[in-house]
Each structure stands twice: as structure tokens, then as C-alpha cells.
Amino acid sequence: AQSVTQPDIHITVSEGASLELRCNYSYGATPYLFWYVQSPGQGLQLLLKYFSGDTLVQGIKGFEAEFKRSQSSFNLRKPSVHWSDAAEYFCAVGAMYNNNDMRFGAGTRLTVKP
Amino acid sequence: NAGVTQTPKFQVLKTGQSMTLQCAQDMNHNSMYWYRQDPGMGLRLIYYSASEGTTDKGEVPNGYNVSRLNKREFSLRLESAAPSQTSVYFCASSEVRGIAYEQYFGPGTRLTVT
């Protein structure tokens with residue numbers, strides 16, 4: 001079965017600084033990859049997803065992620081962080097044509113300093 | 001269009017009590033899921049239902065039962081609650097469109113078992 005590792009439990013960045021959240025996956029075939037964001041007390045909202053094609057994926061709220069097959073990574077980036085980006089971020093990996101087996105990472109909590 | 005709704009939002013149970021968590025979606029999705037979220041562990045799949053009338057175990061099914069009442073509704077039952085079931089529970093739904101899919105999440109139910 002597929003698995004996901006998010007190496008950073010907690011990251012703090014200053015408002016206006018750039019952000020990169022790391023995600024490494026393990027899967028024997030072509031993965032489907034997702035980033036979700038969870039604000040305090042809320043459910044998960046999809047930021048972006050990768051299924052095929054261009055390895056640089058654009059998402060909502062100014063986020064992007066790059067799929068690197070050779071490194072089994074799908075890191076999330078944002079050029080300039082806003083205070084409202086403070087939240088928990090989850091990377092997830094799914095199987096092709098099987099929407100019933102998605103595995104989530106443990107999450108990275110982002111704190112934004114003023 | 002409410003998306004995925006869950007009731008209740010909060011619940012406190014005593015050890016040994018039973019309860020049912022309710023979930024409904026209005027997106028006409030075939031697949032529905034129940035996850036639990038624990039600190040440092042991300043989301044783990046309890047049960048899923050690929051279509052009306054079918055249910056399957058996920059990663060952590062012990063102590064839970066589910067019912068797919070109809071296409072819209074998927075309930076999770078704790079027959080005899082234990083402190084280890086203290087968690088935040090999320091319901092989600094999904095549909096495959098071509099090769100693409102994503103899961104849509106409800107706001108969660110925060111359950112405490114004392």
C-alpha cells in the first residue's frame with residue numbers, strides 16, 4: 001500500500017517570506033497526489049492535485065507543488081506567505097482509478113509570524 | 001449545495017456508551033468514507049462505501065460499524081465507546097471523473113470518551 005511522509009511536524013515562517021512544505025511518498029505505480037489544508041476547527045480543503053501531465057501544479061490561494069518522480073516528492077510552495085495561511089497542511093497519495101484508497105501524511109503545522 | 005454535513009459537531013460519551021455519527025452529502029457521489037484524525041497521525045480510514053449497499057473496512061475498523069443508508073447518507077456507530085476512540089471524526093465523499101478524483105470533507109465531529 002502507498003504511504004506518505006511529511007518530515008516537518010511544525011514550521012514557522014515570517015509573513016511575506018517564502019514557504020516550502022515537504023512531502024515524500026511511497027507507491028509502486030503512478031501516484032495521484034494531493035495537498036489539503038485544514039484551518040483550526042475545520043474540515044480539509046483541497047489546495048491542489050496531480051494526476052498526470054505538467055509536473056508543476058497550480059492550486060488555490062497562490063500555492064503550487066512540483067511532482068518529482070526521481071525523488072518521490074511532491075513539495076508544496078508559496079512565494080509569499082500571508083497570516084491567513086496559518087493552518088495544518090496534509091499531503092495525500094492515492095492510487096490510479098481507485099478513489100477508495102487514499103493515504104494521508106501526519107501533517108505539517110504552519111505558524112506565520114507577523 | 002451544502003456539500004458534506006456531519007452531526008453532531010461535539011459529543012462526550014462515557015466508556016461503554018453507544019452513539020451514531022451521521023453524515024450526508026448532496027453531491028450525488030457514489031463513494032463515502034469515515035476517517036479519524038489523531039494528533040501526529042494524520043487521517044486514518046475507518047470504513048468506506050464504494051457505492052450504495054456496499055461497505056468495506058479501512059485501516060482501523062475495530063470498534064466501529066457503518067451503514068450506507070442510501071446514496072446520500074453514511075453513518076458510523078460506536079457500540080461500546082472506549083477512551084481510545086477519543087478523536088476527531090471526518091466524513092468524506094468522492095467521485096471518479098475521467099481519471100481525476102478528490103475527496104470532499106465534512107466539518108468533523110469531535111468525540112471525547114471519558
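The model shown is predicted, which means the values in this text are computed figures rather than measured ones. Chain naming here is simple, since letters A, B, ... match the order of the sequence lines and numbering starts at 1 in each.
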Visitor: In terms of hydrophobic clusters joined by side-chain contacts under 4.5 Å, are Val4(A) and Leu33(A) together?
Guide: yes
Visitor: Just wondering, are more than 12 heavy atoms of other shown residues or ligands nearer than 6.0 Å to CD1 in Ile9(A)?
Guide: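 Incorrect, the count does not exceed 12.
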Visitor: Does any heavy atom of chain B fall under 4.5 Å from the side chain of Leu46(A), the backbone, both, or neither of them?
Guide: side chain
Visitor: Is Met102(A) linked to Val37(A) within one hydrophobic cluster, defined over Ile, Leu, Val, Met, Phe, Trp and Tyr using a side-chain heavy-atom separation of less than 4.5 Å?
Guide: no
Visitor: Give a yes or no on whether Phe90(A) and Phe67(A) share a hydrophobic cluster (residues Ile, Leu, Val, Met, Phe, Trp, Tyr; joining criterion: side-chain heavy atoms under 4.5 Å apart).
Guide: no
Visitor: Who pairs with Gln71(A) by side-chain hydrogen bond (donor to acceptor under 3.5 Å, both in side chains), at least two apart in sequence or on another chain?
Guide: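 Partners of Gln71(A) under the side-chain hydrogen bond (donor to acceptor under 3.5 Å, both in side chains) test: none.
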Visitor: Select all residues of residues 72-85 of chain A having any heavy atom within less than 4.5 Å of some heavy atom of chain B, and report them by number, or 'none'.
Guide: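 Near chain B, by residue number: none.
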Visitor: Counting backbone as well as side chains, what donor-acceptor pairs lie under 3.5 Å between chain A and chain B?
Guide:
residue: Tyr32(A); atom: OH; partner: Ile99(B); partner atom: O; Å: 3.4
residue: Tyr36(A); atom: OH; partner: Gln103(B); partner atom: N; Å: 3.1
residue: Tyr36(A); atom: OH; partner: Gln103(B); partner atom: O; Å: 2.9
residue: Gln38(A); atom: OE1; partner: Gln37(B); partner atom: NE2; Å: 2.9
residue: Gln38(A); atom: NE2; partner: Gln37(B); partner atom: OE1; Å: 3.2
residue: Lys49(A); atom: NZ; partner: Glu102(B); partner atom: OE1; Å: 3.0
residue: Ala95(A); atom: N; partner: Tyr101(B); partner atom: OH; Å: 3.2
residue: Ala95(A); atom: O; partner: Tyr101(B); partner atom: OH; Å: 2.7
residue: Asn98(A); atom: O; partner: Tyr101(B); partner atom: OH; Å: 3.3
residue: Asn99(A); atom: O; partner: Tyr33(B); partner atom: OH; Å: 2.4
residue: Asn99(A); atom: O; partner: Gln103(B); partner atom: NE2; Å: 3.4
residue: Asn99(A); atom: ND2; partner: Ser31(B); partner atom: OG; Å: 3.4
residue: Asn99(A); atom: ND2; partner: Ser94(B); partner atom: OG; Å: 3.1
residue: Asn100(A); atom: OD1; partner: Ser31(B); partner atom: OG; Å: 3.3
residue: Asn100(A); atom: OD1; partner: Tyr33(B); partner atom: OH; Å: 3.1

Visitor: May I have all residue pairs that pass disulfide (SG to SG under 2.5 Å) and include part of residues 9-101 of chain B, sequence neighbours excluded?
Guide: Cys23(B)-Cys91(B)
Visitor: Measure Leu43(B) against the heavy atoms of chain A and call it side chain, backbone, both or neither at under 4.5 Å.
Guide: both
Visitor: Give me the atom names and distance for the closest heavy-atom approach of Gly40(B) to Ala106(A).
Guide: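 Shortest heavy-atom contact: O-CB, 3.4 Å.
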Visitor: So if you build clusters from Ile, Leu, Val, Met, Phe, Trp, Tyr with side-chain heavy-atom gaps below 4.5 Å, do Phe63(A) and Val13(A) land together?
Guide: yes
Visitor: Please tell me whether Val88(B) and Leu78(B) are part of a single hydrophobic cluster in this structure, the criterion being side-chain heavy atoms less than 4.5 Å apart.
Guide: no
